[in-house]
Trainee: 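This is the structure, below, for whatever I ask next.
Computed from a predicted model, the values in this text were never measured in an experiment.
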Amino acid sequence: MTASNYENVVIVGSGPAGYTAALYSARANLEPLVVEGWAWGGLLQQTTDVENFPGFPSGIMGPELMTQMREQAGRFGAKLELDEVTGLELSRDGGLHKVDIGGEVVQTRTVILAMGAQHKKLGVPGEEALSGRGVSYCATCDAAFFRDKPTIIVGGGDSAMEEAIFLAKFASRVAIVHRRDEFRASQIMLDRARETPNIEFLTPYVVSEFRSGDDGALAVAELKNTVDGSQRSLEISGAFVAIGHEPQSQLVADQGVELDESGYVAVDGRSTRTAVPGVFAAGDLVDHTYRQAITAAGSGCQAALDAEWYLRDTPAPDVDAVAVQ
Ligand code: NAP
């Protein structure tokens, strides 16, 4: 890599964690550079109404919320760059880190990782086309749109149980479709789901296809028995896929940042400090438990404060020694 720049803070990612980190570090006069990716705004760009973000009593559309977060960060001097980070070269000894942004290499004293996580997809026909039209990956976000409607949850882990129990408060019926007769979910979550009158279990089945009705919205899930291969059709209005998340940590996989067995970035206690000095991580990249916009925003704030304190307590590099390489 060759280098041509020197920043205080580079933030990688532009969801609630990234923009909140940008807002706080911009207000601390650190002039952060935010590498937003080509599609800024993260997972909230794929949602409609957000009714659980405090401060918006009538709700707000996901893309509008992200637009406002982006504008707020920009107002205080965050430098927003619509580009991808294509490589990272992290210093392990407190020196400058190198960030390759589409071929241009920037040096920086701190990096805040906020690349988020993606919902795992089933990869079956109809899933992508009906996403947002009945197929969803977040019951906490979308359950209220399926009041008195028949629905399914796909998955057999704690997320599937939790989403099913929440969804059952709204939907007329929730069928948990799982590919095995055994469940990965904890016993307590499984028991709670079993005790919920409008939840039923359909095993061992996988969804083989989602089909739409005349109105273009989800109408049918085609299921296939994983043991005997038999098929059945379920008429439904909503399908929630809860088969896990994939943290977007590929960029730092070989950079000394510690990852857990699922690929989430490990941080030191309640801080956002990673195993590499000057590198912090926030949001869904770290959190496989809460995964809410508000918790991601909160950890973005923590990351900005951690970075600010690191910069305060760590001698600045000698500018002459940081000449363009
Ligand atoms: P998970 O435990 O990895 O479970 C994913 C489920 O999806 C598994 O049942 C898996 O089936 C199924 N699955 C995966 N790929 C599939 C595919 N392509 N087609 C059909 N089914 C598929 O993920 P999670 O439920 O999101 O939980 C992640 C972590 O967060 C866990 O440690 C969990 O305990 C924790 N969590 C805790 C709570 C809580 O305590 N309140 C709530 C949510 C999550 P197989 O079992 O056959 O592999």
Trainee: Does one hydrophobic cluster hold both Leu202 and Val206, with members joined at side-chain heavy-atom distances below 4.5 Å?
Mentor: no

Trainee: Kindly determine whether Ser159 and Arg291 satisfy side chain to side chain donor-acceptor pair (under 3.5 Å), including the steps that lead there.
Mentor: CA-CA 11 Å; Ser159 293; Arg291 295 191 294 238; 3.0 Å; yes

Trainee: Can you hop from Val9 to Trp40 via hydrophobic side chains spaced under 4.5 Å?
Mentor: yes

Trainee: Is Arg92 reaching over with its side chain to a backbone N or O of Leu90, donor-acceptor style, under 3.5 angstrom?
Mentor: yes

Trainee: Tyr310, Val257: one ILVMFWY side-chain cluster at the under-4.5 Å cut-off?
Mentor: no

Trainee: Determine whether a donor-acceptor pair (N or O, by modelled atom type, separation under 3.5 Å) exists between the side chain of Ser249 and the backbone of Gly263.
Mentor: yes

Trainee: If two hydrophobic side chains count as joined below 4.5 Å and joins carry through other members, does Ile236 share a cluster with Val174?
Mentor: no

Trainee: Does atom NZ (Lys79) have a neighbourhood of more than 12 heavy atoms from anything else shown, all under 6.0 Å?
Mentor: yes

Trainee: Counting only heavy atoms not in Gln250 (residues, nucleotides, ligands), do more than 12 fall under 6.0 Å from its CD?
Mentor: yes

Trainee: For the ring pair His119 and His245, is the centre-to-centre distance below 6.0 Å?
Mentor: yes

Trainee: Do the side chain of Asp158 and the main chain of Ser186 share a donor and acceptor less than 3.5 angstrom apart?
Mentor: yes

Trainee: Looking at Arg270, is its backbone amide N or carbonyl O close enough to the side chain of Gln302 to form a donor-acceptor pair, meaning the two atoms are under 3.5 Å apart?
Mentor: yes

Trainee: Report, as yes or no, whether the 6.0 Å neighbourhood of atom CZ on Arg75 holds more than 12 heavy atoms from other residues, nucleotides or ligands.
Mentor: no

Trainee: Taking 4.0 angstrom as the limit, do Glu127 and Lys121 come out as a salt bridge?
Mentor: no

Trainee: Just wondering, more than 12 heavy atoms not from Gln68 lying within 6.0 Å of its CD?
Mentor: yes

Trainee: So, applying side-chain contact (heavy atoms from CB on, under 4.5 Å) with Glu81, which one of Val106, Val34, Ile11, Leu33 is it?
Mentor: Leu33

Trainee: So, Thr226 side chain and Arg179 main chain: donor-acceptor pair closer than 3.5 Å or not?
Mentor: yes

Trainee: Check Glu7 with Arg109, please: is the shortest side-chain N to carboxylate O separation under 4.0 Å?
Mentor: no

Trainee: Centroid-to-centroid, Phe183 to Phe201, below 6.0 Å?
Mentor: yes

Trainee: Take atom OH in Tyr24; do more than 12 heavy atoms of anything else shown fall under 6.0 Å from it?
Mentor: no

Trainee: Quick check: are there more than 12 heavy atoms from other residues, nucleotides or ligands sitting under 6.0 Å from CZ of Arg27?
Mentor: no

Trainee: Treat each ILVMFWY residue as a node, draw an edge where side-chain heavy atoms are under 4.5 Å apart, and state whether Val35 and Val252 are in one component.
Mentor: yes

Trainee: Here's a test for you: under side-chain contact (heavy atoms from CB on, under 4.5 Å), which of Val154, Val241, Ile243 qualifies with Tyr137?
Mentor: Val241

Trainee: Under a 3.5 Å distance rule, please check whether Thr196 uses its side chain to pair with a backbone N or O of Asn198 as donor and acceptor.
Mentor: no

Trainee: Decide side chain to side chain donor-acceptor pair (under 3.5 Å) for Glu222 and Ser208; before the verdict, give the C-alpha distance in whole Å, the side-chain angles of both, and the deciding distance to 0.1 Å.
Mentor: CA-CA 6 Å; Glu222 297 292 350; Ser208 53; 5.6 Å; no

Trainee: Under the criterion salt bridge (Lys or Arg N to Asp or Glu O under 4.0 Å), I'd like the reasoning laid out for Glu36 against Arg70: C-alpha separation, chi angles, the key distance, then a yes or no.
Mentor: CA-CA 10 Å; Glu36 302 177 282; Arg70 186 174 195 249; 2.6 Å; yes

Trainee: Should we count CZ of Arg312 as having more than 12 external heavy atoms under 6.0 Å?
Mentor: yes

Trainee: Does Glu258, at its CD atom, have more than 12 non-hydrogen atoms belonging to other residues, nucleotides or ligands within less than 6.0 Å?
Mentor: no

Trainee: Is the side chain of Ser25 donor-acceptor paired with the backbone N or O of Leu30 at a distance under 3.5 Å, no angle test?
Mentor: no

Trainee: Hey, what do you get for CD (Glu246) to NE2 (His288), rounding to the nearest 0.5 Å?
Mentor: 14.5 Å

Trainee: Ignoring hydrogens and geometry, is there a side-chain-to-backbone donor-acceptor pair from Ser299 to Ala296 under 3.5 Å?
Mentor: yes

Trainee: Between Ser212 (side chain only) and Gly216 (backbone N and O only), is there a donor and an acceptor less than 3.5 Å apart?
Mentor: no

Trainee: I need the single residue from Asp306, Val286, Asp287 that forms a side-chain contact (heavy atoms from CB on, under 4.5 Å) with Val267. Which is it?
Mentor: Val286

